[in-house]
Enquirer: 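Below you will find the structure I want to go over with you.
Numbered from 1 within each chain, the chains take letters A, B, ... in sequence-line order.
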There are 2 protein chains.
Amino acid sequence: MLLSKSCVYGLRASLYLASKKEGEFIPIKRMSDKLEISFHFLTKILQQLTAEGILESFKGPNGGIRLNRPGNTVQLMDIVLAIDGEQLLTECALGLPGCGIKNPCPLHEKWAETRDAIRGMLENTTLTELVEKGRAENLRLTTDGGFDILFQE
Amino acid sequence: MLLSKSCVYGLRASLYLASKKEGEFIPIKRMSDKLEISFHFLTKILQQLTAEGILESFKGPNGGIRLNRPGNTVQLMDIVLAIDGEQLLTECALGLPGCGIKNPCPLHEKWAETRDAIRGMLENTTLTELVEKGRAENLRLTTDGGFDILFQE
DNA sequence: GATTATTTGGACTCTTTTATCTTAATATAG
DNA sequence: CTATATTAAGATAAAAGAGTCCAAATAATC
Ligand code: SF4
Ligand code: SF4
């Protein structure tokens with residue numbers, strides 16, 4: 001798998017948050033219900049994103065999680081790096097340690113192009129962009145429901 | 001990681017075999033030594049590739065493993081499919097079940113492009129091509145050694 | 001101050017992947 | 001036929017990833 005499950009959940013949750021009114025704290029429980037992700041597992045993932053400064057948390061009643069900066073400044077790459085690290089973009093195709101152009105394997109050239117495509121995609125896509133697209137076309141973030149179910153209270 | 005470790009080892013071993021005289025059986029032990037991969041683990045992986053008809057095995061003294069068809073007809077994709085399956089090319093970015101253009105997620109369009117780049121790279125690269133490149137430029141298939149160490153007896 | 005809603009953090013379990021070990025089967029050579 | 005070199009197959013073990021559970025901390029409300 002390209003991204004770990006934790007990372008995928010982190011992306012889905014971040015998209016969910018980006019779809020909410022700016023500044024509003026959303027309880028993890030509500031997110032985990034809507035997104036059909038284990039509450040406790042999601043909690044751990046959001047803690048990582050909070051620690052990285054991408055999200056902000058607040059305890060107690062009316063507490064929850066929100067984005068720490070505007071959704072149009074958060075790239076997918078930010079979330080991937082926070083959860084999966086830079087492994088995807090450094091280590092690669094033949095998995096040899098200490099990779100790079102100084103000591104390449106035969107696949108390096110071709111793989112480097114592909115890897116750049118992945119990197120570009122993650123860097124050039126923001127949460128807001130996807131939320132707008134999802135909202136406009138009612139795309140899905142869960143197995144069944146369309147995008148709209150995320151906005152019902 | 002894009003590819004599982006089994007898959008990466010399978011690729012390295014296949015490249016090794018493609019670098020050998022056509023028709024020659026190479027014992028797994030020699031491969032595992034040269035490529036610095038656990039013998040027993042590599043054995044299992046090669047069994048899969050043999051079962052898929054990509055490699056051919058022969059028991060007993062003078063036995064070993066060889067490619068079952070010319071290296072210039074074996075795409076990297078063949079090996080990836082045999083070991084990791086089509087998961088990489090079907091399941092994807094947001095990991096939602098039953099994906100596809102009929103029921104897409106907001107990332108679908110962007111991801112589909114990236115995925116096609118990966119697919120293209122794996123489909124348009126043959127073992128022979130990489131072996132020739134590796135040989136010409138003495139690229140590496142192991143942590144330390146250059147390509148040439150693979151050809152010492 | 002007590003109760004309740006929430007996040008935090010740690011321990012624990014389950015599953016999959018990765019790796020090792022042991023025995024059997026097969027082929028060759030003497 | 002025996003010894004040896006090899007792959008095949010299955011059992012087991014270790015490590016990593018995914019998921020669960022519980023107690024503690026914090027904040028709001030009554
Ligand atoms: S040489 Fe390049 S393609 Fe090969 S493993 Fe290293 S970074 Fe990846
Ligand atoms: S909709 Fe497309 S990008 Fe999204 S998870 Fe499915 S196949 Fe992947």
Enquirer: Can you tell whether the side chains of B/E129 and B/K133 come within less than 4.0 Å, N to carboxylate O?
Expert: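 So B/E129 does not pair with B/K133 through a salt bridge.
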Enquirer: Is A/S4 near enough to D/dG17 that one of its side-chain N or O atoms lies under 4.0 angstrom from OP1 or OP2?
Expert: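 No.
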Enquirer: Between the side chain of B/R140 and the main-chain N/O of A/C105, is any donor-acceptor distance below 3.5 Å?
Expert: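 Answer holds: no.
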Enquirer: Nearest whole angstrom, please: distance from the P of C/dT17 to the CD1 of B/I45.
Expert: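 So the two atoms are 13 Å apart, to the nearest Å.
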Enquirer: Over how many whole Å does the gap from A/E24 atom CD to C/dT6 atom P extend?
Expert: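 Distance, rounded to whole Å: 13 Å.
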Enquirer: For B/F25 and C/dA27, what is the distance between atoms CZ and P respectively, to the nearest whole Å?
Expert: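 The answer, rounded to whole Å, is 11 Å.
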Enquirer: Counting only side-chain N and O atoms of A/K44, is one of them less than 4.0 Å from OP1 or OP2 of D/dT20?
Expert: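 Negative; the distance criterion is not met.
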Enquirer: Can you tell which of C/dA5, C/dT8, D/dA8 lies closest to the side chain of B/K59?
Expert: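 From the listed options, D/dA8 comes nearest.
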Enquirer: Measure the shortest side-chain to side-chain distance between A/L67 and A/L17 over non-hydrogen atoms and say whether it is less than 4.5 angstrom.
Expert: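 Yes, side chains in contact.
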Enquirer: Taking the side chain of B/S6 as its heavy atoms from C-beta onward, which of C/dT7, C/dT18, C/dC21 lies nearest to it?
Expert: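 For B/S6, the side-chain atoms sit closest to C/dT18.
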Enquirer: Which whole-number value in Å describes the distance from B/F39 CZ to C/dT18 P?
Expert: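 Nearest whole value for this atom pair: 19 Å.
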Enquirer: What's the CD-C1' distance between B/Q48 and C/dA19, to the nearest Å?
Expert: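 The distance from CD of B/Q48 to C1' of C/dA19 comes to 14 Å, rounded to the nearest Å.
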Enquirer: OP1, OP2 of C/dT6 versus side-chain N and O of A/S57: anything below 4.0 Å?
Expert: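 So the side chain of A/S57 is outside the cut-off, no N or O lying under 4.0 Å from OP1 or OP2 of C/dT6.
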Enquirer: Going by atom types only, do A/D84 and A/S4 share a side-chain donor-acceptor pair under 3.5 Å?
Expert: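 On atom types as modelled, these side chains qualify, holding a pair under 3.5 Å.
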Enquirer: Just by distance, do the side chain of B/T125 and the backbone of B/L122 share a donor-acceptor pair under 3.5 Å?
Expert: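 Pair absent, no side-chain N/O of B/T125 close to backbone of B/L122.
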Enquirer: Strictly below 4.0 Å: does A/S38 bring a side-chain N or O up to OP1 or OP2 of D/dA18?
Expert: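 False: A/S38 side-chain N/O out of range (4.0 Å or more) of D/dA18 OP1/OP2.
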Enquirer: Determine: side-chain N/O of A/T50 to OP1/OP2 of C/dT7, distance under 4.0 Å, yes or no.
Expert: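 For C/dT7, neither OP1 nor OP2 has a side-chain N or O of A/T50 closer than 4.0 Å.
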Enquirer: B/L42 CG to C/dT17 P: how many Å, rounded?
Expert: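 Checked: the CG to P distance equals 19 Å.
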Enquirer: For A/Y9, which contact category applies under a 4.0 Å heavy-atom criterion: base, sugar-phosphate, or nothing?
Expert: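 The residue A/Y9 makes sugar-phosphate contact but no base contact.
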Enquirer: With DNA chain D as reference, determine whether A/L3 or A/F58 sits nearer its 5' end, using the nearest nucleotide of each.
Expert: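 The 5'-side residue here is A/L3.
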Enquirer: Would you indicate, yes or no, if D/dT4 has its OP1 or OP2 atom less than 4.0 angstrom from a side-chain nitrogen or oxygen of B/N62?
Expert: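 False: B/N62 side-chain N/O out of range (4.0 Å or more) of D/dT4 OP1/OP2.
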Enquirer: Whole-Å distance between C/dT16 P and B/Q87 CD?
Expert: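 In whole Å, C/dT16 P lies 12 Å from B/Q87 CD.
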Enquirer: Using OP1 and OP2 only, check whether a side-chain N or O of A/K5 sits under 4.0 Å from D/dG19.
Expert: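 Indeed, a polar side-chain atom of A/K5 lies that close.
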Enquirer: Can you tell me how far C1' of D/dA16 sits from CZ of A/F41, to the nearest Å?
Expert: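 Atom CZ in A/F41 sits about 12 Å away from atom C1' in D/dA16.
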Enquirer: Scan B/I28 against the nucleic acid and name what it touches under 4.0 Å (heavy atoms): base, sugar-phosphate only, or nothing.
Expert: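 If one applies the 4.0 Å heavy-atom cut-off, B/I28 turns out to touch the sugar-phosphate alone, with no base involved.
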